Each structure stands twice: as structure tokens, then as C-alpha cells.
Amino acid sequence: MSSVKIPALEISHLQAWYDESHILHDVNLVVNQGEVVTLLGRNGAGRTTTMRAIMGLTGTRKGSIKINGVEAIHLPTYKVAHLGVGYCPEERGIFSSLSAEENLMLPPVVSSSNAGMSVEEIYAMFPNLAERKNSQGTRLSGGEQQMLAVARILRTGARLLLLDEISEGLAPVIVQALARMITTLKAKGYTIVMVEQNFRFAAPLADRFYVMEHGQIVEAFAAAELNEKMPVLNELLGV
């Protein structure tokens with residue numbers, strides 16, 4: 001009898017508010033172990049709020065958020081992190097007074113089951129960071145700061161990565177490096193949820209796509225269905 005794998009992330013009937021503003025309306029999505037899933041949608045569709053709601057960074061939340069089968073809807077943010085979740089927000093949060101390596105060493109290992117990547121492994125994946133390890137955080141380029149923001153998460157032992165607009169505003173050569181990184185992490189068994197405006201970046205990387213509009217999931221499809229879904233995506237996203 002084959003064992004059924006528990007999804008890495010399972011969201012059911014999620015609603016979320018910022019103060020009085022009701023942002024998410026009955027969001028349902030599943031991310032299986034080792035998948036790359038992309039949340040598409042226009043600005044303001046609710047994609048970032050979905051990421052923040054998973055981490056407990058919104059106001060009131062209702063519904064269910066299961067991480068590896070564990071209900072997390074009522075957990076504080078630090079306990080969500082201890083379930084092996086790493087969140088890379090759009091603003092990156094690099095400490096300007098610290099060197100790149102000091103920034104990298106800052107977060108503790110939070111997962112009890114995974115030790116996290118060693119600094120050597122991270123430098124092998126991000127040679128730019130190895131070269132700039134003694135540079136002050138703010139002296140790094142935007143692309144290097146983005147790599148550092150992701151690399152910090154990998155040190156914590158997180159295996160479910162929530163990446164918000166990591167390609168935004170970056171040079172094509174850096175975007176290509178980030179795409180290689182995601183391919184490498186997937187091969188290592190990481191599970192990745194990406195919020196992306198850059199459709200060309202996301203399309204070749206994702207196994208499945210969810211499209212959000214007005215705080216709801218309005219489309220869900222696999223990578224194999226991408227071509228036939230393009231007319232709908234053009235309408236929803238203007239891609």
C-alpha cells in the first residue's frame with residue numbers, strides 16, 4: 001500500500017483582514033512536497049497578503065493553513081518559522097551596518113529536523129556573495145541583496161520557501177542566476193511558493209500556477225496547460 005504524502009502547504013477557506021479591510025476571501029490552494037508553485041495576479045490581487053497570512057503577519061485570519069499537516073492558523077510568526085517555513089519579503093530587510101557574511105550568519109537554525117545549508121554550500125550556490133562577503137550590506141547591488149535575502153533563509157533549515165517578487169527590478173543576468181537557484185533548490189527537494197509579476201521568469205520554473213483576483217483564487221492549472229491558458233492569462237494579467 002503506497003503512503004499518501006502530506007502536502008507541504010494546504011490552505012482552506014482562508015480569509016484575512018488588515019484592520020477593517022477584508023483582503024482575502026475564501027482562498028484555497030495546495031502545494032505538494034518538492035513543487036514550485038507560482039501565484040500570479042495583478043498588484044493588489046492579494047498574493048502578498050496570502051504569503052503574509054501564512055506567516056501570521058496580517059491581522060485577523062480565519063480558515064485553515066496546514067504546514068506539513070500541522071494547523072498553523074493560530075500560531076505566532078516565530079512558531080510558523082519553526083515548522084520549517086522561510087519567508088523572503090519584497091523589501092529584503094538587509095542590515096546595512098553588517099557585512100554580507102554577518103547578515104548571512106544572523107538568523108538562527110529554526111527547524112528541528114533540518115540543519116540548514118552551510119555557509120560553504122551557500123557560497124557555492126551564490127559565488128557573488130562569496131566575493132562580497134566582507135562588503136557592507138548596503139554596498140551590495142540589488143541583485144546581490146536579493147541573493148543574500150534568500151541565502152539567509154536557507155541557513156535556517158527552512159524547506160518551504162515563500163518568495164515574494166524576487167526578480168523585481170533586477171538586471172536580466174541576475175534574474176537568470178535566481179532562476180538557476182530555484183532549479184537547484186527544487187532538485188534538492190525544497191518546496192517553493194513564488195509571487196511573481198515577471199511572467200517570463202516564473203513560467204519555465206513552476207510546476208503549477210494559481211491566479212488571484214480580488215483576494216480569491218480564480219484559476220488553477222499545471223505547467224502542461226500553460227499554452228491553452230494563455231488567452232485567460234492575457235485577460236486576467238495583461239501578460
Side-chain angles (χ1 to χ4, degrees), residues 1-16 24 26-41 46-47 50-57 61-88 109-118 121-122 125 150 153-164 166 178-196 202-212 216-226 229:
M1 209 170 125
S2 64
S3 60
V4 178
K5 271 200 168 180
I6 296 168
L9 175 66
E10 187 172 12
I11 296 176
S12 305
H13 306 297
L14 175 62
Q15 303 195 56
L24 300 183
D26 202 41
V27 171
N28 297 277
L29 62 86
V30 176
V31 182
N32 296 310
Q33 303 281 353
E35 272 193 317
V36 176
V37 168
T38 297
L39 285 182
L40 299 169
R47 299 166 306 146
T50 301
M51 298 283 227
R52 289 176 61 82
I54 294 166
M55 297 304 300
L57 294 168
R61 297 175 297 162
K62 290 181 180 174
S64 172
I65 300 170
K66 288 184 178 173
I67 295 161
N68 298 313
V70 177
E71 183 57 70
I73 190 85
H74 299 301
L75 295 181
T77 300
Y78 76 93
K79 286 197 172 174
V80 176
H82 279 268
L83 292 175
V85 186
Y87 176 42
C88 186
V109 173
V110 296
S111 173
S112 55
S113 53
N114 297 299
M117 274 195 196
S118 67
E121 286 176 293
I122 285 168
M125 189 183 287
V150 177
I153 296 169
L154 298 176
R155 277 215 59 254
T156 68
R159 300 287 295 182
L160 169 59
L161 310 180
L162 310 178
L163 308 179
D164 195 352
I166 63 166
L178 291 171
R180 287 194 298 273
M181 170 201 81
I182 287 167
T183 304
T184 301
L185 291 173
K186 187 187 173 190
K188 289 176 181 287
Y190 285 80
T191 305
I192 299 170
V193 183
M194 297 194 299
V195 162
E196 267 303 329
L205 298 171
D207 297 298
R208 290 187 302 111
F209 300 86
Y210 286 95
V211 185
M212 294 194 77
Q216 294 177 303
I217 303 288
V218 293
E219 283 282 339
F221 56 92
E225 302 170 80
L226 188 55
K229 289 288 183 181

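All values reported here derive from a predicted model rather than from experimental measurement.
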**OP:** Take Leu29 and Leu9, measure what side-chain contact (heavy atoms from CB on, under 4.5 Å) needs, and give me the verdict at the end.
**Re:** CA-CA 8 Å; Leu29 62 86; Leu9 175 66; 4.1 Å; yes
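Put simply, the side chain of Glu35 gets close to the backbone of Asn32: a donor and an acceptor are under 3.5 Å apart. Between the side chain of Tyr210 and the backbone N or O of Val30 there is at least one donor-acceptor pair closer than 3.5 Å. Not one N or O on the side chain of Thr38 forms a donor-acceptor pair closer than 3.5 Å with the backbone of Leu40. At least one donor-acceptor pair under 3.5 Å links the side chain of Gln33 to the backbone N or O of Ile6. Of the possible donor and acceptor atoms, none in the side chain of Arg61 sits under 3.5 Å from a partner among the backbone N and O of Leu14. In this structure, the side chain of Thr191 does not engage the main chain of Leu160 through any donor-acceptor pair within 3.5 Å.
Looking at Asn28 and His13, their side chains come closer than 4.5 Å, going by heavy atoms from C-beta outward. The closest side-chain heavy-atom distance from Ile192 to Val31 is not below 4.5 Å. A heavy-atom distance below 4.5 Å is not found between the side chains of Leu154 and Glu121. Leu75 has its side chain out of reach of Ile67: every pair of non-hydrogen atoms, C-beta onward, lies at least 4.5 Å apart. Using a 4.5 Å cut-off on side-chain heavy atoms (C-beta onward), Phe221 and Val211 make contact. Taking the side chain as every heavy atom from C-beta outward, Leu57 and Tyr87 approach each other to under 4.5 Å. Counting only heavy atoms from C-beta outward, the side chains of Val150 and Met125 never approach each other to under 4.5 Å.
In this view, Ser64 and Glu71 satisfy the side-chain hydrogen bond (donor to acceptor under 3.5 Å, both in side chains) rule, not counting sequence neighbours. Residues that satisfy the salt bridge (Lys or Arg N to Asp or Glu O under 4.0 Å) test with Lys66, not counting sequence neighbours, are absent from this structure. Under the rule for a salt bridge (Lys or Arg N to Asp or Glu O under 4.0 Å), Arg52 has no partner lying at least two apart in sequence or in another chain. When the side-chain contact (heavy atoms from CB on, under 4.5 Å) test is applied to Val70, the partners found at least two apart in sequence or on another chain are Leu83. For Ala222, the side-chain contact (heavy atoms from CB on, under 4.5 Å) partners at least two apart in sequence or on another chain are Arg208, Glu225. With sequence neighbours left out, Gln15 forms a side-chain hydrogen bond (donor to acceptor under 3.5 Å, both in side chains) with His22.
Evaluated for a side-chain contact (heavy atoms from CB on, under 4.5 Å) with Glu196, the options Leu205, Ile166, Leu39 yield exactly one hit, Ile166. Partner of Val193 under the side-chain contact (heavy atoms from CB on, under 4.5 Å) criterion, out of Thr50, Leu162, Leu163: Leu162 alone.
Taking each heavy atom of Thr77 and Met55 in turn, the nearest pair found is OG1-O, 2.8 Å. Nearest heavy atoms, Ile54 versus Val80: O-CG1, 3.5 Å. The nearest pair of heavy atoms linking Ile153 to Thr156 is O-OG1, 2.6 Å. Taking each heavy atom of Asp207 and Gly34 in turn, the nearest pair found is OD2-O, 4.3 Å. Residue Leu24 comes nearest to Ala53 through the heavy atom pair CD1-CB, 4.2 Å, listed as atom of the first residue, atom of the second, then distance.
A distance of 5.5 Å separates CD1 of Ile11 from CD1 of Ile65, quoted to the nearest 0.5 Å. Here the straight-line distance linking atom CE of Met51 with atom CE of Met194 works out to 9.0 Å at 0.5 Å rounding.
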